[in-house]
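All residue numbers in this chain count up from 1 along the given sequence.
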Amino acid sequence: PHCGSRILIRHGARLYPKWADFFDAVAAHKENGILSEQLLWMFWPDKPKKQAQNVLHQTVTQINLLLAPSGVKIASGGKGLPYRVWESK
């Protein structure tokens, strides 16, 4: 709030606009999830693949830390499997 950046709320977590867009992209693919390759192309098309993968993992970790109190997280089922939004029941 002090720096003037927009902050968007997802499941009670305060996210920067790019993180909120990232969350929304994953959440929009409820049925089949979204592959990391698609996320890399959407959010970091100009970065080398290895660097973009590192940023992807860091972004997921940071968003999940903010979402933790809500019981919601972004995760894939394993290497090569799509990312989904998971809610603990």
Which pairs would a plain distance check flag for residues 62-79, meaning a side-chain donor or acceptor within less than 3.5 Å of a matching protein atom at least two apart in sequence or in another chain?
{"unit_1": "Asn64", "atom_1": "OD1", "unit_2": "Ile74", "atom_2": "N", "d": "2.7"}
{"unit_1": "Asn64", "atom_1": "ND2", "unit_2": "Val60", "atom_2": "O", "d": "3.4"}
{"unit_1": "Asn64", "atom_1": "ND2", "unit_2": "Ile74", "atom_2": "O", "d": "2.8"}
{"unit_1": "Ser70", "atom_1": "OG", "unit_2": "Leu67", "atom_2": "O", "d": "2.6"}
{"unit_1": "Ser70", "atom_1": "OG", "unit_2": "Val72", "atom_2": "N", "d": "3.3"}
{"unit_1": "Ser76", "atom_1": "OG", "unit_2": "Gly78", "atom_2": "N", "d": "3.3"}
{"unit_1": "Ser76", "atom_1": "OG", "unit_2": "Gly78", "atom_2": "O", "d": "3.2"}

Quiz item: Side-chain heavy atoms under 4.5 angstrom apart, residues restricted to Ile, Leu, Val, Met, Phe, Trp, Tyr: same cluster for Trp86 and Leu56?
Solution: no
Practice problem: Apply salt bridge (charged side-chain N to carboxylate O under 4.0 Å, His left out) to Asp21 and list each qualifying residue two or more places apart in sequence or on a separate chain. | Solution: none
Quiz item: Of all residues at least two apart in sequence or in a different chain, which pass the salt bridge (charged side-chain N to carboxylate O under 4.0 Å, His left out) check with Arg84?
Solution: none
Self-check item: By ring pair (Phe, Tyr, Trp, His ring centres under 6.0 Å) - contacts of His57 (at least two apart)
Solution: none
Self-check item: Under the side-chain hydrogen bond (donor to acceptor under 3.5 Å, both in side chains) test, residues paired with Asp24 that sit two or more places apart
Solution: Arg10
Side-chain donor-acceptor distances from residues 29-46 under 3.5 Å, at least two apart:
{"unit_1": "His29", "atom_1": "ND1", "unit_2": "Ala25", "atom_2": "O", "d": "2.8"}
{"unit_1": "Glu37", "atom_1": "OE2", "unit_2": "Lys49", "atom_2": "NZ", "d": "3.1"}
{"unit_1": "Gln38", "atom_1": "OE1", "unit_2": "Leu35", "atom_2": "N", "d": "2.9"}

Quiz item: Would a hydrophobic clustering, with Ile, Leu, Val, Met, Phe, Trp and Tyr connected at side-chain separations under 4.5 Å, put Tyr16 with Val55?
Solution: yes
Exercise. To the nearest 0.5 Å, tell me how far Phe23 CZ sits from Leu8 CG.
Key: 12.0 Å
